[in-house]
Protein chains: 2
Amino acid sequence: MSNQNEPDHKRSRIQIRNREKIIAAALDVFSRDGFRGATVDDIAAAADMSKPNLLYYFPSKESVYEALLKGLLTDWLAPLQELDADGDPMVEIAAYIERKIELARDYPRESRLFANEMLRGAPILKDVLTSDLKHLVDGKATVLRDWSNAGQIAKVDPYHLIFAIWASTQHYADFDVQVRAVLGDDGEGRFNDAARFLRSLFLDGLRPR
Amino acid sequence: MSNQNEPDHKRSRIQIRNREKIIAAALDVFSRDGFRGATVDDIAAAADMSKPNLLYYFPSKESVYEALLKGLLTDWLAPLQELDADGDPMVEIAAYIERKIELARDYPRESRLFANEMLRGAPILKDVLTSDLKHLVDGKATVLRDWSNAGQIAKVDPYHLIFAIWASTQHYADFDVQVRAVLGDDGEGRFNDAARFLRSLFLDGLRPR
DNA sequence: TGTTGCCTTGACCGGATGGTCAAATCGACG
DNA sequence: CGTCGATTTGACCATCCGGTCAAGGCAACA
């Protein structure tokens, strides 16, 4: 996943490289241990540098965390962004679910990072949630409602439909231990089974009637 | 929610009362701040006693956390436990979803507590997940599969059906900030809307065809 | 080779935090 | 009341951790 946040004008090659190294290491550590559980020393070690050196590039632990979250946000919301009002409703919804499952499979650390932030009450992202996220969801909810009204999908609450897709896909990243405990370690098989199940659940559940 | 874990034989009235007070306070603090973020002082203050006094009743912070989690486990799994193989499939599934939504509404702290534990990789509950939880889910998955084979519900993977119900209901407790950010503060209205949506999604999605 | 400015780090600081301990207080019972 | 075990706590300790600082390394350029 890409991660360019701040404008990198005015930054030397070394600064760009080291900030990237730090952010990459931070994703590993924060997603594993949570904000409170992660230590600056851990992140520095994972980035293969000393703690004071890390703090030369970022003023604080929280600033690393914030840069990480905000840098990932666009990528994280891209799948919903791509939901196309002009496409075929069932195809669009199926594709959205597919993209979200792939995200849970390929970027579980990002998913857990956001889950952690939400559980904490989103102290860093709260503002973004009520502005950017809300606007995005409002827009796509309108698209879904239009499809409903046009009889192309069942008449359902579009907001809760979006929540259900989020929850049921991210579950495979956020609750990975639990899923593995129940299913046993199965390579990546569970993602295919989940995709098949969710596709049939949502497509049949949303079939206009 | 009830919470009796250890046998309370051999415990004085005061011991029972104070252990309960501590566990109740711990639920508040751990569910809000996570295991790492919670401090013994916070829990003691919430239980209205001194830190050494708390540590007179429990040997460590982790032991409080463990007693709390294990004490809630039975209650937490009760809704699935109640899924009745002899009932009408659609009615049973609808009732299960209803119970889970009520749990998310009425016991969000418990939901977030478990979510936190899962995100951490379930260091305390791992064993319980692979034994008790797995056996419970295996049993109920068999019930669901039988219903599938009897043509009473659609042919779907019963494990992923259970995961989807878990995820889509618990979402309203665990991601409460996000839900509120998108929907606005709406009293408890979102729970009714969610229940209605999920009922129609799952019942239509599982209708045998 | 000397100078300059960016980069790196060992050593350290202060506050937070989990846990201990000895002493004080309480309360049930003789 | 007096005794004794249960309960409670102020003071304390060791460690962890975020963050600072002064000094040292290093690369580019004159």
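Residue numbers begin at 1 in each chain, while the letters A, B, ... track the order of the sequences.
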* Are any of B/Gln15's side-chain N or O atoms less than 4.0 Å away from OP1 or OP2 of D/dA6? -> no
* Is the NZ or CZ atom of A/Arg105 both under 6.0 Å from the centre of the six-membered ring of A/Tyr172 and within 45° of that ring's axis? -> no
* Asked: For C/dT8, does either OP1 or OP2 sit under 4.0 Å from a side-chain N or O belonging to A/Asn18?
  -> yes
* **Shortest side-chain distance from A/Tyr57, nucleotide among D/dA6, C/dT9, C/dC7** => C/dC7
* Asked: Between D/dC12 atom C1' and B/Asp41 atom CG, what is the distance in whole Å?
  -> 14 Å
* **Out of D/dG18, D/dC21, D/dT8, whichever nucleotide has its closest atom nearest the side chain of A/Lys51** => D/dG18
* Asked: C/dG19 base to B/Lys61 side chain: any donor-acceptor pair below 3.5 Å?
  -> no
* To do: Hey, can you tell me if A/Trp76 and A/Phe114 have their rings parallel, tilted or perpendicular (30° and 60° cut-offs)?
  => parallel
* **B/Asp48 CG - D/dT7 P separation (whole Å)** => 18 Å
* Asked: Rounded to the Å, how far apart are A/Asp33 CG and D/dC16 C1'?
  -> 15 Å
* Asked: Could A/Asp157 and B/Arg190 be called an ion pair, given the rule that one side-chain N must be under 4.0 Å from one carboxylate O?
  -> no
* Among C/dT9, D/dA6, D/dG19, the one nearest A/Ser50 by side-chain distance -> C/dT9
* Give the rounded distance in Å between these two atoms: CZ of A/Arg17 and P of D/dA27. => 12 Å
* Asked: To the nearest angstrom, how far is A/Met49 atom CE from C/dC7 atom P?
  -> 11 Å
* N-O pairing of B/Lys70 and B/Asp132 below 4.0 Å -> no
* Asked: So, is the end of the B/Lys61 side chain (NZ or CZ) under 6.0 Å from the ring centre of B/Phe35 and within 45° of the ring's axis?
  -> yes
* Asked: Rounded to whole angstrom units, what separation is found between the CD1 atom of A/Ile14 and the C1' atom of D/dG25?
  -> 12 Å
* To do: Would you tell me if any nitrogen or oxygen in the side chain of A/Asn53 comes within less than 4.0 Å of OP1 or OP2 on C/dC7?
  => no
* Touch check for B/Arg13, heavy atoms < 4.0 angstrom, all strands: base, sugar-phosphate only, or nothing? -> nothing
* So what does B/Ala38 hit on the nucleic acid, given a heavy-atom distance under 4.0 Å: a base, only sugar-phosphate, or nothing? -> sugar-phosphate
* Asked: If we only count heavy atoms from C-beta on, is the B/Leu113 to B/Tyr107 side-chain gap below 4.5 Å?
  -> no
* Does a nitrogen or oxygen in the side chain of B/Tyr56 sit under 4.0 Å from OP1 or OP2 of D/dT7? -> yes
* Check every strand shown and say whether A/Phe58 touches a base, only sugar-phosphate, or nothing at a heavy-atom separation below 4.0 Å. => nothing
* Asked: If you check the B/Leu55 side chain, which of C/dT20, D/dT7, D/dG19 turns out closest?
  -> C/dT20
* Asked: If you check every side-chain atom of A/Ser60, which of C/dG19, D/dG19, D/dC21 has the closest atom?
  -> D/dG19
* Sugar-phosphate, base or nothing in reach of B/Arg36, heavy atoms under 4.0 Å -> sugar-phosphate
* To do: Report the nucleotide, chosen from C/dC7, C/dG10, C/dT17, that has the shortest atom-to-atom distance to any side-chain atom of B/Thr39.
  => C/dT17
* Structure fact -> Comparing nearest nucleotides in DNA chain D, the 5'-proximal residue of the pair A/Pro59, A/Gly37 is A/Gly37
* Asked: Out of C/dG18, C/dC6, D/dG18, which has the shortest distance to the side chain of B/Val40?
  -> C/dG18
